[in-house]
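To keep things clear, I will list the structure first and then write my remarks on it.
Both counts, for ligands and for their atoms, begin at 1 and track the order of listing.
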Amino acid sequence: MPFRSRITGTGSYAPEQVLTNFDLEKKVDTSDEWITERTGIKERHIAKGEAASDLCLEASKKALQAAGVDPGEIDLIIVATMSGDMPMPSTASLLQKKLGAKHAGAFDVNAACSGFLYGLSVADSFIRSGQVKRILLVGAEVMSKFLDWEDRTTCVLFGDGAGAVVIEQTKGQRGILSTRLYSDGTMWDYICLPGGGSQNPPSSKTLKDKMHFVKMKGNETFKVAVRTLEKLVVDTLKENGLKPSELAMLIPHQANLRIIKATAERLHLPMSRVAVNLQRYGNTSSASIPIALDEVVREGRIKKDDYILLEAFGAGLTWASALIRW
Ligand code: UT7
């Protein structure tokens, strides 16, 4: 029987400081009513003096403990992030040092909000090929450092956090059944952070022009997201020969409650079978799915052999799904 990969432990962490919609009303021309109606978000966590690797460390410790795995037993660390500690070295390498995971290779994946599912697909391939046996995959973001706190169209949306999973080699029916990855770079400027890279290296001009902050064409992105995700979830289930009624739980990227509801409606899934926590975290980009997964696992909302569907959409544009038999 061929190898399969299975998530054997989950963990998550969010910085202590909470910023509510009412706090934001005092910073920019917005209201709790607008943010709640348009997004579903009520509050988000904001890192103070913590970098992405610090968030990764806390989430990872919980995931390793849940899996009963020692850091020294990890073969590979993958961190999905677009707000890593620094452009080089990778946040995964910094996490490796902090964990003392002496035998692990380490690298980052950047697919923005789809990053965790891109990382999951990479991890699954590594394990099924037999190359490694145990992977620590983390989605972590400190988005608050890359937001223009004077731009109400973006600063109300995002939050900081990290979610981690331990993925181990297994045989049998349970585990990751399929992953699907997509990108359409023609819409790269729908969500971007244009400054600081080789196209627009850091300079006084990039600082003055606020190019080191997230820019988003929100409404245009919204329309593509709804259309794309509706097709993605239907295609993923069809490819695996599953009916929506056989799905125990949908774990979507947490960007906007209206997008989540539209996807659930397309599958005729009641919201009781959809993981939603964006009201407490905002959009934590690559951390949103692993945080939501950790919460439903710890709440006992998914059981052995349940089918769960994960889906994400974000900058790139990128989108991705994963189907898991828990
Ligand atoms: O995670 C990666 C993928 N990202 C997404 O999937 C996000 C997709 N987009 C969205 O979630 C939504 O488009 C937003 C929540 C960003 C915006 O909602 P919308 O319903 O698309 O609003 P809009 O951008 O069309 O703006 C409507 C109005 C505008 O005013 P006018 O032009 O109608 O007078 C905005 O200026 O709302 C205004 N507005 C605000 N008002 C109060 C924009 N931001 C705010 C705000 N507070 N924070």
Side-chain angles (χ1 to χ4, degrees), residues 19-44 80-83 109-118 139-144 146-161 163 181-185 187-193 213-233 251-264 266 275-279 281-292 310-321:
L19 187 71
T20 66
N21 292 350
F22 298 105
D23 296 329
L24 280 165
E25 285 182 356
K26 294 175 201 140
K27 286 176 183 274
V28 283
D29 180 17
T30 191
S31 63
D32 171 57
E33 192 188 355
W34 189 95
I35 303 170
T36 307
E37 271 179 16
R38 301 285 174 132
T39 72
I41 300 164
K42 297 299 276 185
E43 58 188 37
R44 66 289 289 144
T81 188
M82 58 170 164
S83 53
V109 166
N110 178 356
C113 298
S114 310
F116 179 77
L117 294 187
Y118 268 67
E141 304 287 2
V142 186
M143 297 300 293
S144 61
F146 302 95
L147 297 174
D148 177 355
W149 289 99
E150 291 175 351
D151 175 10
R152 68 175 184 175
T153 68
T154 50
C155 76
V156 305
L157 302 175
F158 296 94
D160 302 337
L181 307 180
Y182 300 93
S183 174
D184 185 346
M187 289 176 276
W188 70 270
D189 59 342
Y190 278 34
I191 318 171
C192 64
L193 197 159
F213 296 132
V214 172
K215 318 277 178 203
M216 184 163 78
K217 297 181 182 177
N219 195 261
E220 288 90 328
T221 306
F222 182 93
K223 288 176 194 152
V224 184
V226 170
R227 204 171 55 230
T228 306
L229 289 171
E230 285 183 355
K231 178 167 166 27
L232 176 67
V233 291
I251 304 185
H253 170 48
Q254 309 282 315
N256 188 311
L257 187 58
R258 288 183 291 147
I259 299 177
I260 294 174
K261 282 186 171 164
T263 315
R266 182 69 184 81
V276 178
N277 66 9
L278 87 176
Q279 65 278 9
Y281 294 97
N283 179 350
T284 57
S285 187
S286 65
S288 89
I289 289 179
I291 294 175
L310 282 46
E311 46 91 344
F313 184 91
L317 296 175
T318 54
W319 57 101
S321 70

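Among all protein heavy atoms, the one lying closest to atom 7 (C) of ligand 1 is Met216 CE, 3.9 Å. The single protein non-hydrogen atom nearest to atom 37 (O) of ligand 1 is Trp34 NE1, 3.2 Å, given as residue, atom name and distance. Of the protein's non-hydrogen atoms, Thr30 OG1, 2.7 Å is the one closest to atom 47 (N) of ligand 1. Among protein heavy atoms, the minimum distance from atom 27 (C) of ligand 1 is reached at Arg38 NH1, 3.5 Å. When hydrogens are left out, the protein atom nearest atom 9 (N) of ligand 1 is Gly218 O, 3.1 Å; that is the closest non-hydrogen contact. Of the protein's non-hydrogen atoms, Asn256 ND2, 2.7 Å is the one closest to atom 11 (O) of ligand 1.
Going from atom CG of Leu117 over to atom CD1 of Ile289 covers 4.0 Å, rounded to the nearest 0.5 Å. One finds the CG atom of Asn219 at 8.5 Å from the CZ atom of Arg38 (value rounded to the nearest 0.5 Å). Summarising the geometry, atom CD belonging to Glu25 is positioned 6.0 Å from atom OG belonging to Ser31; distances are rounded to the nearest 0.5 Å. With rounding to the nearest 0.5 angstrom, the CG atom of Leu278 is 9.0 Å from the OG atom of Ser288.
Side-chain contact check for Arg44 versus Asn21: some heavy-atom pair is nearer than 4.5 Å.
Under a 4.0 Å criterion applied to the non-hydrogen atoms of Val156, ligand 1 contributes the atoms 48 (N). If you number the atoms of ligand 1 from 1 as listed, the ones under 4.0 Å from a heavy atom of Phe313 come out as 1 (O), 2 (C), 3 (C). Residue-ligand proximity, Cys113 to ligand 1, at heavy-atom distances under 4.0 Å covers atoms 1 (O), 2 (C). Listed by number with element, the atoms of ligand 1 under 4.0 angstrom from any heavy atom of Ala255 are 1 (O), 5 (C), 6 (O). Residue Thr39 has at least one heavy-atom neighbour below 4.0 Å for each of these atoms of ligand 1: 15 (C). Distances below 4.0 Å separate heavy atoms of Ile191 from the following atoms of ligand 1: 2 (C), 3 (C).
Only the side chain of Ile259 comes within contact range of ligand 1, with a heavy atom under 4.0 Å; no backbone atom does. Of the heavy atoms in Ile35, none comes closer than 4.0 Å to ligand 1. Of the heavy atoms in Asn219, both backbone and side-chain atoms come closer than 4.0 Å to ligand 1.
Pairing each heavy atom of Leu24 with each of Val156, the nearest pair is CD1-CA, 3.9 Å. Among all heavy-atom pairs drawn from Gly159 and Met143, the shortest one is O-CG, 3.6 Å. Of all the heavy atoms in Cys113 and Phe313, the pair that sits closest is CB-O, 3.4 Å. For the pair Arg258 and Asn256, the tightest heavy-atom approach, listed with the atom from each and the gap, is N-OD1, 2.8 Å.
Taking only non-hydrogen atoms, the option from Lys223, Arg152, Arg258 nearest to atom 30 (O) of ligand 1 is Arg152. Nearest to atom 16 (C) of ligand 1 by heavy atom, out of Leu157, Thr154, Leu24, Val226, is Leu157.
Checking atom 19 (P) of ligand 1 against the protein gives a heavy-atom contact under 4.0 Å. Within a 4.0 Å radius of atom 1 (O) of ligand 1, the protein contributes at least one heavy atom. In this structure, atom 33 (O) of ligand 1 has no protein heavy-atom contact shorter than 4.0 Å.
Residue Glu150 places its CD atom among 12 or fewer non-hydrogen atoms of other residues, nucleotides or ligands, all under 6.0 Å distant. For CZ of Arg266, the number of neighbouring non-hydrogen atoms (other residues, nucleotides, ligands) closer than 6.0 Å is 12 at most.
Side-chain N/O atoms of Glu141 and Thr81 include a donor and acceptor closer than 3.5 Å. For the residue pair Thr20 and Lys42, no side-chain donor N or O sits within less than 3.5 Å of a side-chain acceptor on the partner.
Judged by the shortest distance from any of its heavy atoms, Thr153 lies inside the 4.0 Å radius around the atoms of ligand 1.
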